[in-house]
Colleague: 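Can you keep this structure in mind? I'll have questions shortly.
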Amino acid sequence: MAISDTERLKAWVRAGGRCEFCGNYLLEGKLTYKGFTLGELAHIVGRDVAPGSPRGMDPLPEDKRDLADNLMLLCRGEHNEIDRRGSLDLMTVERLRAIKREREAWIRRMTGLSPQNGTAVIRLIGPVRGYEVELTKPTAAEAVIRSEERFPDFPLSLHGDGFEIDLRNVIGEEEGEPAYWEQCKRQIDRILEHRLAEALREDAVHHVSAFGFARLPLLVYFGSRLDDTFAVTIYQRHRSTEAWNWPDNPAPGTSFTTTPPQNLPQGAKEGVLVLNVSGSIQADELPERLKELPRWVINPAGKVPSVDVIDSLETLSEFTNSLRSMLSSLEAQHKHIQTLHVLAAAPVSAAVALGRVHDAHVHPKMAIYDRTDGRYTVALEIS
């Protein structure tokens, strides 16, 4: 019994014309780029009920073995490999069905997204005390699709990698010397003030999905360069799941409280903002010069600061609103303050949000501190 044209078409469409293992596009040659049908339909449960038929002794009825539900679109070599005797103990019916189910569900989600719901993906990748995390193009794409059902776009690069700011080769990260921060700022500006600005002028970007992993002062600076002329969704890697996507069914959002200074000296020109989100910064940890300055402290309401406090977009929005309210109050009631010293124990999303919320035209200059060898020192200023 041959596979019918209807079932063959179903299998090809469900797989999106790509190999369900490696993702190769199977309707075009790699050498000539001419149109060819290069894929093969592989049976999960072999066509014949016989020991020599790969996985053929499975109880699946014979009349269902040539249906699309039992077929996978594969490259020729992979089709050959999964049916070899030495692979059968690994390439079981259950495993192949799981791969097919996950791949085809992903294809269906992707093809259901409207181009009008696209988002330009920007990745800031740097080490933190010599440690790096995975932040690949597929990782970012999956997070965007799962979290927002947007179509992830990686524009303006030869290989389609999008806006990637790679700080991994900048020397001096662990020491945190001034030259390190300046060089990283130039790298960020090079991408955002030139390539992103060009895309905005061409009306090619309306929404941005921002991913980052780097030292906190750089995350704040990164956020400050994502202005309010376009919408932005900020992502972070979650310690609890080790995934970048925001959860589908998050717990109710956490709110934040702002504790203002008890006594604000008349005409004070400097203030301190402490963000206790992923951890707590105690008063005795502040540099001596800052201890006497008026101090605002933002904490999660009713919770102990921890790495997973910001576990949803709702909680991130609550944190952002607290920042906006605090800065608005500062601008309205304390215009004499010209510099705000910021010390933060905060996750990626909170640091980027801080940079975005700050408006250089109305808010005080921010001096962002970094902690190295147990001491807080100014890493960079944002004005």
Side-chain angles (χ1 to χ4, degrees), residues 1-113 134 136-147 149 151-152 154 159-160 241-245 247-249:
M1 178 179 174
I3 300 171
S4 71
D5 289 343
T6 298
E7 296 303 316
R8 187 178 298 274
L9 179 61
K10 285 182 185 178
W12 273 84
V13 170
R14 290 177 184 176
R18 293 183 179 275
C19 174
E20 296 192 66
F21 278 127
C22 68
N24 279 341
Y25 188 57
L26 298 175
L27 291 168
E28 184 179 78
K30 288 185 177 180
L31 299 177
T32 63
Y33 293 97
K34 292 185 177 181
F36 295 106
T37 303
L38 299 173
E40 297 185 354
L41 293 178
H43 287 78
I44 294 176
V45 175
R47 175 177 287 168
D48 302 319
V49 183
S53 178
R55 299 166 294 275
M57 300 306 293
D58 185 271
L60 184 72
E62 286 187 75
D63 62 351
K64 295 186 178 181
R65 297 193 176 196
D66 281 330
L67 300 182
D69 288 345
N70 188 50
L71 301 172
M72 296 182 73
L73 181 61
L74 302 178
C75 295
R76 175 174 295 179
E78 289 168 355
H79 182 185
N80 185 36
E81 184 174 353
I82 67 168
D83 287 349
R84 290 293 182 96
R85 187 177 300 276
S87 299
L88 295 177
D89 59 339
L90 181 62
M91 294 300 168
T92 62
V93 170
E94 293 74 19
R95 185 180 299 275
L96 292 175
R97 282 175 177 165
I99 293 171
K100 172 183 172 69
R101 183 169 57 249
E102 182 175 340
R103 178 71 180 183
E104 293 181 4
W106 182 81
I107 292 289
R108 186 162 185 165
R109 285 198 306 273
M110 285 289 290
T111 54
L113 298 177
E134 179 197 34
T136 63
K137 176 180 172 181
T139 297
E142 180 178 354
V144 168
I145 295 167
R146 289 185 181 276
S147 301
E149 293 192 350
F151 180 80
F154 297 83
H159 302 292
T241 61
E242 297 187 356
W244 286 86
N245 56 282
D248 295 330
N249 299 299

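Everything numeric in this text was worked out from a predicted model, so none of it was measured.
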Colleague: If you look at every heavy atom in L26 and C19, which pair is closest and at what distance?
Modeller: CD1-N, 3.5 Å
Colleague: How long is the straight-line distance from CZ of F21 back to CD of E81, given to the nearest 0.5 Å?
Modeller: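 If we round to the nearest 0.5 Å, E81:CD and F21:CZ are 8.5 Å apart.
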Colleague: Between atom CG of L67 and atom OG of S4, what is the distance when rounded to the nearest 0.5 Å?
Modeller: 7.5 Å
Colleague: Regarding N80 and R84, do their side chains bring together a donor and an acceptor under 3.5 Å, going by distance alone?
Modeller: yes
Colleague: Provide the closest heavy-atom pair for A68 versus E7 in the form atom of the first, atom of the second, distance.
Modeller: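 That closest heavy-atom pairing would be N-OE1, 2.7 Å.
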Colleague: Give, for atom CD1 of I145 and atom CH2 of W106, the distance between the pair rounded to the nearest 0.5 Å.
Modeller: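 I145 atom CD1 to W106 atom CH2 measures 6.0 Å (nearest 0.5 Å).
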Colleague: In Å, rounded to the nearest 0.5 Å, how long is the span from CD of E78 to CD of E20?
Modeller: 10.5 Å
Colleague: Give a yes or no answer on whether the side chain of R65 reaches the backbone of G46 with a donor-acceptor pair at less than 3.5 Å.
Modeller: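 Answer holds: yes.
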Colleague: Applying side-chain contact (heavy atoms from CB on, under 4.5 Å) to L90 and R95, what does each step give before you reach the verdict?
Modeller: CA-CA 8 Å; L90 181 62; R95 185 180 299 275; 3.8 Å; yes
Colleague: So do the side chains of N245 and S147 get within less than 4.5 Å of each other, counting heavy atoms only?
Modeller: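 In short, these two side chains touch, coming nearer than 4.5 Å.
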Colleague: Give a yes or no on whether E242 atom CD has more than 12 heavy-atom contacts from other residues, nucleotides or ligands under 6.0 Å away.
Modeller: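 Open: at most 12 neighbouring heavy atoms sit under 6.0 Å from CD of E242.
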Colleague: Does P54 offer a backbone N or O that forms a donor-acceptor pair with the side chain of D83 under 3.5 Å?
Modeller: no
Colleague: Which heavy-atom pair separates P152 from A141 by the least distance, and what is that distance?
Modeller: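 Minimum heavy-atom contact is CG-CB, 3.9 Å.
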Colleague: Tell me, yes or no, whether the heavy-atom count around E102 atom CD, taken from other residues, nucleotides or ligands under 6.0 Å, exceeds 12.
Modeller: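 For E102, atom CD is not crowded (no more than 12 foreign heavy atoms under 6.0 Å).
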Colleague: Taking the side chain as every heavy atom from C-beta outward, state whether E62 and V49 have any atom pair closer than 4.5 Å.
Modeller: yes
Colleague: Charged N to carboxylate O under 4.0 angstrom, D66 versus R47?
Modeller: yes
Colleague: For K100 and L71, indicate whether the former's side chain and the latter's backbone hold a donor-acceptor pair under 3.5 Å.
Modeller: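 Such a contact is found between K100 side chain and L71 backbone.
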Colleague: With a 4.5 Å limit on heavy-atom distance, are the side chains of M72 and I44 in contact?
Modeller: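 Contact flag for M72/I44 side chains = yes.
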Colleague: Look only at the side chain of R55 and the backbone of H43, and say whether a donor-acceptor pair between them is shorter than 3.5 Å.
Modeller: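 At least one qualifying donor-acceptor pair exists.
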Colleague: So does L74 get a backbone contact from the side chain of E40, meaning a donor-acceptor N/O pair under 3.5 Å?
Modeller: no
Colleague: Specify the closest pair of heavy atoms between I82 and A42, including all atoms of both residues, with the distance to one decimal.
Modeller: CD1-CB, 4.2 Å
Colleague: Evaluate the salt bridge (charged side-chain N to carboxylate O under 4.0 Å, His left out) criterion for residues R14 and D69: first the C-alpha distance (whole Å), next the side-chain angles of each, then the deciding distance (0.1 Å), finally the verdict.
Modeller: CA-CA 10 Å; R14 290 177 184 176; D69 288 345; 2.7 Å; yes
Colleague: Contact between L73 and L41 at the side-chain level, heavy atoms closer than 4.5 Å - yes or no?
Modeller: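 They are in contact (side-chain heavy atoms under 4.5 Å apart), so the answer is yes.
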